[in-house]
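These notes are about the structure you will find just below.
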Amino acid sequence: MNDDLVALVADITSSLSDDQKGMRPTPLWDTLAELGLTTITVPEQRGGAGGDLDDLLTVVRALASHGIDTPLAEVAAACWAHPADTTTHNMPILVTADISEDQAAQGFTIPSVPWGRAASTILVLGHSRAWEVCDFDPVFADTPLGVLCNLTVAGGVAKPFEPTVTRRAAEARGALLIAGRLTGALEGSYRLTKGYVAQREQFGKPLLALPAVAAHLARIKISLVESDVALAKAADDVRSDPESWTAAAAARVVTAHAASEVTRIAHQLHGAIGTTEEYSLGRFSRILWAWPQAPISAATWADRLGVLAGTAGEAELWGGVTSPRIIL
Amino acid sequence: MSTTQQQDSPESLRVVTRQFLDTWRTEHGDFTRPDNWMRGFDPDFSRGLSELNLIGLTWPVEYGGRGLGNVARLAVTEELLRVGAPTGAHWIGDRQIGPSIIRHGNPTLREQFLPAIIAGKFTFCLGMSEPEAGSDLASVKTRAARISGGWIVNGRKVWTSGAHHATHMYLLARTADGARKHHGLSEFLVDMNSTGISVSPIKDIAGEHHFNEVLLEDVFVPQARLLGTEGEGWRQVTDQLAFERGGPERFMSSYPVLVELLTAGPEVTDGVRHELGELTARFSTLRQLARRVAAALDDGTAPALEAATLKLLGNTFEHDVLGVAQHAYAIADRMPGPRYFDALMASPGFGIRGGAAEVLLSMIARQEVKA
């Protein structure tokens with residue numbers, strides 16, 4: 001991880017008031033944009049900030065570890081995939097889905113679009129075609145989690161474009177960054193919970209003195225270590241081959257499990273205070289609840305890995321898919 | 001890259017190991033069984049590995065080792081576990097006794113033991129657990145009393161895997177009553193043919209014999225067989241545990257069942273596609289975590305947290321493989337093969353041996369309280 005970037009994110013987030021740390025794009029977004037953090041990995045000749053995927057992963061993870069969810073990964077992905085300079089668009093978002101010519105002509109729905117409510121442009125990357133959509137209606141936008149919503153697009157609105165990346169690469173990258181976001185939120189939830197049970201006293205001593213509480217906290221730590229290892233392998237794999245998806249898929253599956261385990265335990269250990277709007281645990285929980293479902297969902301990635309395991313044979317599973325990386 | 005470096009790379013070690021396993025299978029028949037790293041005792045097999053210099057990989061060259069790292073060793077142990085190879089004759093010596101002798105033993109002990117373990121001549125069992133000292137290892141009551149020229153040992157060890165085959169026992173015994181029970185413990189390397197040692201079997205739930213009770217009655221252990229420093233046994237033995245806990249055998253005991261399931265065809269695997277995907281993701285992560293533990297050992301640190309995490313996650317994975325297999329065969333209306341039942345019978349041991357799950361969890365919890 002790039003320590004300078006981690007420090008920069010800590011600096012930005014420390015100056016925010018609590019109501020500015022919400023999930024929706026806020027003045028924070030302008031700060032991130034001014035610093036060039038919203039277009040990491042986008043080539044400079046297309047208006048981007050340059051930098052590599054590790055830099056982007058570091059920023060996404062660090063923001064989530066402070067309880068902040070932003071469209072950083074999805075916007076950077078859109079600008080990365082479009083041949084023109086789209087950094088001037090307000091908020092382009094990349095999704096992957098196969099839209100046929102007929103659908104484009106007659107209108108279609110894109111399910112579960114991250115940041116659909118705030119997006120200005122949606123880039124839809126399919127296996128053979130890619131579409132740019134500037135006019136759409138969010139539906140079911142008022143889910144409590146807010147991040148995902150369905151978008152309906154009228155016939156004839158979608159315009160084809162020639163993407164600079166493959167769908168496979170976009171999916172692998174997307175999976176890696178969601179796993180990074182979740183790992184960051186897991187770290188934040190762990191830190192907050194540990195601080196709380198060490199400080200909050202009941203029965204005349206800190207909650208942490210209860211063995212059952214300490215064991216719960218240990219479970220959170222174990223989930224965090226597992227997620228961190230899965231993420232590191234995914235980052236290594238995608239770095240060496242942008243279309244390599246299995247480690248990113250594994251990281252999605254592992255972080256989704258961890259998210260479910262950790263939110264459950266963290267809320268249990270916090271008691272009633274954790275359920276309030278004003279207390280900050282909810283910010284981590286929202287990230288941890290929302291993103292496992294984001295397309296392509298962790299469940300879908302598990303299915304894909306399962307199909308591969310069932311068809312590729314043990315030799316491929318052993319020597320390829322699950323083979324550890326030498327570099328840590 | 002020189003030829004030696006190429007031969008020593010994890011990838012070429014994998015190739016050599018696989019070639020050996022293929023040849024062995026051709027010449028001696030199928031050996032694959034779940035949990036066979038612990039249950040499968042075959043000195044010829046171990047000597048075969050030894051001839052290819054695949055035992056003692058991490059040990060100094062002067063004692064017959066290859067001076068490689070734990071990351072390189074992991075390539076070999078993974079390949080052995082993958083096919084459920086019978087490694088019980090050398091596993092304990094290779095994994096933890098050799099490294100412990102290298103860390104704490106004097107040159108004489110190293111000279112005496114390391115080449116013999118590598119050659120497959122010396123086979124070790126672990127004299128740790130006792131009737132009153134299971135997870136609470138520091139409570140051992142077996143006593144070594146000083147006499148002229150050495151020690152007289154009296155006590156009883158239990159759950160001693162492979163004691164009926166072993167030439168030597170690693171023994172943890174009390175040499176003094178310290179202020180705390182962690183004080184006054186010492187480690188010894190004991191000949192199993194010493195007068196006063198008797199071994200009796202404790203059959204397991206499947207009726208198999210790998211556990212034993214070992215009675216030590218006035219057993220003379222020469223002074224030279226003290227490992228390391230008298231009274232420092234606790235500190236020394238906890239060093240061993242990172243080696244004992246953080247390896248791939250902690251998540252691969254049931255792997256042969258997974259292999260069998262994957263080859264059972266779509267009529268069995270289609271019903272558990274999702275579950276197989278989840279197992280794949282977890283397995284991939286565990287392999288990477290084992291790599292992280294090995295790299296930390298190579299850096300000279302004792303990765304206690306990572307090793308405990310690996311064992312906890314790994315033991316759950318070993319169980320879950322069986323759960324998925326049971327589900328898959330049940331909905332396909334097929335009977336699982338013998339590997340499944342072998343692994344099922346072995347499964348209660350997964351989370352107990354080498355540090356019980358609850359103890360590891362509270363160890364991690366204690367670190368949380370401290371930090």
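Quick note on labels: first sequence line is chain A, next is B, and so on, each numbered from 1. All heavy atoms count here, side chains included; hydrogens, waters and symmetry mates do not.
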query = Does a side chain donor of either B:Ser253 or B:Glu318 reach within less than 3.5 Å of an acceptor in the other side chain?
reply =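 Short answer, yes.
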
message = For A:Tyr190 and B:Glu368, which I'm curious about, is there any donor-acceptor pair between the side chains at under 3.5 Å?
response =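 Yes, a side-chain donor-acceptor pair sits under 3.5 Å.
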
ask   = Under the side-chain contact (heavy atoms from CB on, under 4.5 Å) criterion, do B:Arg82 and B:Arg14 qualify, and how do the steps go?
value = CA-CA 11 Å; B:Arg82 180 187 177 195; B:Arg14 275 186 200 283; over 6 Å; no

message = Only pairs of heavy atoms separated by less than 4.5 Å count here; which of A:Val229, A:Val254, A:Thr246, A:Leu208 has the most with chain B?
response =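 Looking at each of A:Val229, A:Val254, A:Thr246, A:Leu208 in turn, A:Val229 comes out on top.
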
query = Any idea which of A:Ile222, A:Val213, A:Val253 has the most non-hydrogen atom pairs under 4.5 angstrom with chain B?
reply =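 Max contact count across the listed options: A:Ile222.
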
Toward chain B, the part of [X] with a non-hydrogen atom under 4.5 Å:
X: A:Ala309; answer: both
X: A:Ala299; answer: both
X: A:Trp301; answer: neither
X: A:His257; answer: side chain
X: A:Ala315; answer: both

For the interface with chain A, which of [options] has the highest count of heavy-atom pairs at distances below 4.5 Å?
options: B:Thr285, B:Leu276, B:Asp270; value: B:Thr285
options: B:Ile364, B:Thr263, B:Leu261, B:Thr269; value: B:Ile364
options: B:Leu258, B:Val268, B:Val272, B:Leu313; value: B:Leu313

[X], part contacting chain A, at a heavy-atom distance under 4.5 Å:
X: B:Leu289; value: both
X: B:Leu305; value: side chain
X: B:Arg366; value: neither
X: B:Thr280; value: both
X: B:Glu358; value: neither
X: B:Leu312; value: side chain
X: B:Glu260; value: neither

Does [X] pair with [Y] as a salt bridge, N-O distance under 4.0 Å?
X: A:Arg304; Y: A:Glu171; value: yes
X: A:Arg239; Y: A:Asp52; value: no
X: A:Arg219; Y: A:Glu261; value: no
X: A:Arg181; Y: A:Glu74; value: yes
X: A:Asp241; Y: A:Arg168; value: no

message = Just verifying a value: how many Å separate A:Ile287 CD1 and A:Thr263 OG1, rounded to the nearest 0.5 Å?
response =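 A:Ile287 atom CD1 to A:Thr263 atom OG1 measures 12.0 Å (nearest 0.5 Å).
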
query = Can B:Arg287 be said to sit on top of A:Trp318's aromatic six-ring, NZ or CZ under 6.0 Å from centre and within 45° of the ring axis?
reply =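 Flagged: B:Arg287 positioned over aromatic ring of A:Trp318.
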
ask   = Would you call the rings of B:Tyr255 and B:Phe283 parallel, tilted or perpendicular if under 30° counts as parallel and over 60° as perpendicular?
value =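 Parallel.
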
